[in-house]
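We're numbering straight along the sequence, starting at 1. Every heavy atom of this structure was used, including side-chain atoms; hydrogens, water molecules and symmetry mates were not.
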Amino acid sequence: MTQQHVVVIGGGVIGAACAYHLIRDGCQVTLLEKDRFGRGCSHANCGLVCPSHVLPLAEPGAIGRTLRAMFRRNSPFAIKPRLDPALWMWLLRFARRCNRRDMLSAGRACQRLLDPSLAMYDEMIRSEQMDCQWERKGLLFVFRTTQEMEAYSQTDRLLADEFNLPAKRIEPQELLDLEPALLDGLAGGWYYPEDAHLRPDRLMSEWRSVLERRGVVIHEGAAARGFAKQNGRATAVETAQGSIAADAFVLATGALAPKLSGELGCIIPIQPGKGYSVTMPRPAICPAMPLLFPEDKVVVTPMQSGYRLGSTMEFAGYDATIHRTRLGLLRDGARRYLREPVAEPIEEEWFGWRPMTYDGIPIIDRTAALHNVIVAAGHNMLGLSMAPATGRLVAEMIADKSPSIDPAPYSLRRF
């Protein structure tokens with residue numbers, strides 16, 4: 001059988017995972033990145049690999065919470081007012097998904113990617129000897145108020161009953177024993193011991209070395225502009241560096257995937273959800289494990305070589321501005337929980353566009369117009385957590401193998 005040549009478009013974590021599994025399966029692989037490999041949303045996110053995050057943003061009560069947040073000063077959630085029919089249609093469809101049935105359906109689809117990805121990271125990092133600061137220390141949700149602490153008990157029961165994901169309840173008197181970096185007087189926490197974390201930029205640099213060692217050809221500064229087509233198939237991708245012919249193509253450009261939807265003859269309803277992070281040295285009193293503060297929408301990630309505050313959600317289109325007030329929300333939120341919330345000097349202030357689908361489910365499917373083009377995008381806030389299983393599924397689809405998981409929930413036809 002002739003070796004297939006596959007072009008992967010996108011040099012983020014999903015593109016890297018697709019290229020990795022394709023090259024392992026014996027394909028010839030070329031990876032195209034419009035800027036620099038690993039520098040988009042995969043560069044400075046919070047680095048969580050979290051099977052605990054099965055539930056989508058679209059859940060019962062989300063609309064009311066979102067509307068209240070929008071009218072609250074310095075809210076971690078923001079929508080930039082503008083005439084954007086695609087955004088408002090996305091929000092309408094999001095609202096329609098905020099019910100228990102659709103939430104559970106989305107959670108089950110996400111869990112099929114989350115659970116195997118955790119084990120696949122363990123195996124890949126060990127076998128490929130990747131130095132990406134991988135740690136299995138779990139994830140601790142911390143609450144300031146008793147009301148919100150008790151409200152989360154309903155979520156805990158749902159996750160235990162529907163997804164076999166019970167958390168360990170941490171009472172206030174136990175909290176400082178588990179995490180001494182926290183302030184006194186907090187209401188308690190919920191601990192997920194199976195979650196993991198790593199340093200994303202180190203993962204991407206290590207993954208690049210693995211890909212190139214295995215024979216993947218990486219072209220940077222090679223933005224995809226369109227496809228040459230013949231008889232319902234793509235024959236080549238047109239880039240800023242010229243045309244590259246191949247047998248199959250994978251579109252793994254995250255939040256930018258909709259920009260090629262016209263070429264592909266399909267709807268890709270992804271909105272860029274802007275997240276921020278601040279990276280600095282580890283403070284003297286540094287948390288031992290990643291922390292999530294749900295009431296303030298702040299994540300704290302202690303890495304072996306640094307310390308990161310991240311999160312917030314801003315629907316502002318493809319706005320590339322770093323807004324200082326959004327960064328300030330991260331610091332202010334951390335101060336409500338931590339004895340030493342920040343350290344100096346600031347090493348990096350960053351934003352990334354998360355690829356948000358209104359149903360919370362990724363897209364992993366062939367396009368109807370070009371059967372040899374697969375879209376692998378729309379992983380919302382969980383691209384890092386879902387990447388290995390996504391890459392394996394894409395490789396199976398290209399090789400026409402029996403898939404390791406049912407691909408139906410990730411179909412483009414649901415739109």
*Any chance you could measure Leu158, atom CG, to Thr155, atom OG1, to the nearest 0.5 Å?*
7.0 Å
*Can you list every salt bridge (Lys or Arg N to Asp or Glu O under 4.0 Å) pair that touches residues 223-234, not counting sequence neighbours?*
Lys229-Glu263
*Please check if the distance between the ring centroids of Trp90 and Phe315 is under 6.0 Å.*
yes
_Looking at Ile322, I'd like to know if its CD1 atom is crowded, meaning that more than 12 non-hydrogen atoms belonging to other residues, nucleotides or ligands lie closer than 6.0 Å._
yes
*asked:* For a side chain to side chain donor-acceptor pair (under 3.5 Å) check, start with the C-alpha distance between His43 and Glu348, then their side-chain angles and the critical distance, and finish with the verdict.
replied: CA-CA 11 Å; His43 171 68; Glu348 184 175 20; 2.9 Å; yes
_Between Asn45 and Ser277, a side-chain donor and acceptor under 3.5 Å_ = no
*For residues 48-61, pull every pair meeting salt bridge (Lys or Arg N to Asp or Glu O under 4.0 Å), keeping only residues two or more places apart or in separate chains.*
Glu59-Arg65
_Determine whether a donor-acceptor pair (N or O, by modelled atom type, separation under 3.5 Å) exists between the side chain of Ser117 and the backbone of Ala389._
yes
_If you count heavy atoms of other groups shown closer than 6.0 angstrom to CD of Gln129, is the number above 12?_
no
*May I ask you to decide whether Arg136 forms a salt bridge with Asp122, counting only side-chain N to carboxylate O separations under 4.0 Å?*
yes
*With Cys266, which residues qualify under side-chain contact (heavy atoms from CB on, under 4.5 Å), at least two apart?*
Leu264, Ile268, Thr367, Leu412
_Please confirm whether the ring centroid of Tyr192 lies under 6.0 Å from the ring centroid of Phe141._
yes
*Dump the intermediate steps for side chain to side chain contact (heavy atoms under 4.5 Å, CB included) on Leu91 and Ile79, then the final yes or no.*
CA-CA 11 Å; Leu91 290 169; Ile79 298 176; 3.9 Å; yes
_Side-chain touch Leu203/Gln133, heavy atoms, less than 4.5 angstrom_ = no
*asked:* Once salt bridge (Lys or Arg N to Asp or Glu O under 4.0 Å) is applied, what residue pairs with a partner in residues 376-400 remain, sequence neighbours excluded?
replied: Arg366-Asp400
*For Tyr410, enumerate each residue passing the side-chain hydrogen bond (donor to acceptor under 3.5 Å, both in side chains) test, keeping only those at least two apart in sequence or located in another chain.*
none
*Applying side-chain hydrogen bond (donor to acceptor under 3.5 Å, both in side chains), name anything that partners Glu150, two or more places apart in sequence or on another chain.*
Arg169
_Between Arg112 and Asp406, does any side-chain N to carboxylate O distance fall below 4.0 Å?_
no
*Would Leu292 and Leu140 satisfy side chain to side chain contact (heavy atoms under 4.5 Å, CB included), going step by step from the backbone distance to the final call?*
CA-CA 6 Å; Leu292 193 154; Leu140 178 62; over 6 Å; no
_To the closest 0.5 Å, what do you measure between CE (Met386) and SG (Cys110)?_
3.5 Å
*Please examine the side chains of Met289 and Leu178, heavy atoms only from C-beta on, and report whether any two atoms are closer than 4.5 Å.*
yes
*Measure the spacing between NE2 of His379 and CD1 of Ile14 and express it to the nearest 0.5 Å.*
3.5 Å
_Ring-face cation contact, Phe351 with Lys274, 6.0 Å cut, 45° max_ = yes
*Gap separating the SG atom of Cys46 from the CZ atom of Arg199, nearest 0.5 angstrom*: 12.5 Å
*Quick one: are Asn372 and Thr235 in side-chain contact, heavy atoms under 4.5 Å?*
no
*asked:* I'd like to know if Arg331 pairs up with Glu349 as an ion pair, taking the criterion as any Lys NZ or Arg NE/NH1/NH2 lying under 4.0 Å from an Asp or Glu carboxylate oxygen.
replied: yes
_Under the rule for side-chain contact (heavy atoms from CB on, under 4.5 Å), what residues qualify as partners of Glu212, not counting sequence neighbours?_
Arg208, Ile218
*If you draw a 6.0 Å radius around CZ in Arg213, do more than 12 non-hydrogen atoms from other residues or ligands fall strictly inside?*
yes
*Would you verify whether the NZ or CZ of Lys259 falls within 45 degrees of the ring axis of Tyr318 while also being under 6.0 Å from that six-membered ring's centre?*
yes
*Residue list, side-chain contact (heavy atoms from CB on, under 4.5 Å) with Pro287, at least two apart or on another chain*: Glu179, Ala181, Leu291, Val300, Pro302, Tyr307, Leu338
*asked:* side chain to side chain contact (heavy atoms under 4.5 Å, CB included) for Leu55 and Met103? Distances and angles first, verdict last.
replied: CA-CA 7 Å; Leu55 296 180; Met103 174 189 70; 4.0 Å; yes
*What is the distance from atom CE of Met397 to atom CG of Leu22, rounded to the nearest 0.5 Å?*
11.5 Å
*asked:* Just so I know, are the side chains of Asp195 and Val49 near enough to count as touching, which here means a heavy-atom distance under 4.5 Å?
replied: no
*asked:* Enumerate the salt bridge (Lys or Arg N to Asp or Glu O under 4.0 Å) contacts for residues 153-167, please, sequence neighbours excluded, ordered by first and then second residue.
replied: Arg100-Glu162, Arg108-Glu162
*Validation row: Met356, Ile270 side chains within 4.5 angstrom (heavy atoms)*: no
_Within-4.5 Å side-chain heavy-atom neighbours: Arg39 and Glu33_ = no
*Please identify each residue that fulfils side-chain hydrogen bond (donor to acceptor under 3.5 Å, both in side chains) with Asp25, with sequence neighbours left out.*
Lys401
*asked:* Would you say CD of Glu220 has more than 12 non-hydrogen atoms from neighbouring residues, nucleotides or ligands within 6.0 angstrom?
replied: yes
*side-chain hydrogen bond (donor to acceptor under 3.5 Å, both in side chains) involving Thr325 - partner list, sequence neighbours excluded*: none
_Under the criterion side chain to side chain donor-acceptor pair (under 3.5 Å), I'd like the reasoning laid out for Glu314 against Tyr276: C-alpha separation, chi angles, the key distance, then a yes or no._
CA-CA 9 Å; Glu314 183 181 18; Tyr276 290 82; 2.9 Å; yes
_Parallel, tilted or perpendicular: which one describes the rings of Tyr20 and Trp207, with boundaries at 30° and 60°?_
perpendicular
*Take Arg144 and Tyr337 through the side chain to side chain donor-acceptor pair (under 3.5 Å) test and state the conclusion after the steps.*
CA-CA 8 Å; Arg144 283 189 291 115; Tyr337 300 84; 3.2 Å; yes
*Under 3.5 Å donor-acceptor, Thr239 side chain and Gln241 backbone*: yes
*Apply side-chain contact (heavy atoms from CB on, under 4.5 Å) to Gln28 and list each qualifying residue two or more places apart in sequence or on a separate chain.*
Gln3, His5
*What are the two closest heavy atoms between Ile125 and Cys132, and how far apart are they?*
CD1-SG, 3.6 Å
*asked:* Would you say that Met124 contacts Met130 through its side chain, given a criterion of any heavy-atom pair below 4.5 Å between the two side chains?
replied: yes
*Is there side-chain contact between Val250 and Val7, with at least one heavy-atom pair below 4.5 Å?*
no
*asked:* As a quick check of understanding, evaluate side chain to side chain contact (heavy atoms under 4.5 Å, CB included) for Ile346 and Val278, giving each step before the final call.
replied: CA-CA 7 Å; Ile346 299 300; Val278 182; 3.7 Å; yes
_Point-to-point distance, once rounded to the nearest 0.5 Å, from CG of Leu113 to OG1 of Thr390_ = 4.5 Å
_Residues Glu128 and Arg214 bridged, charged N to O under 4.0 Å_ = yes
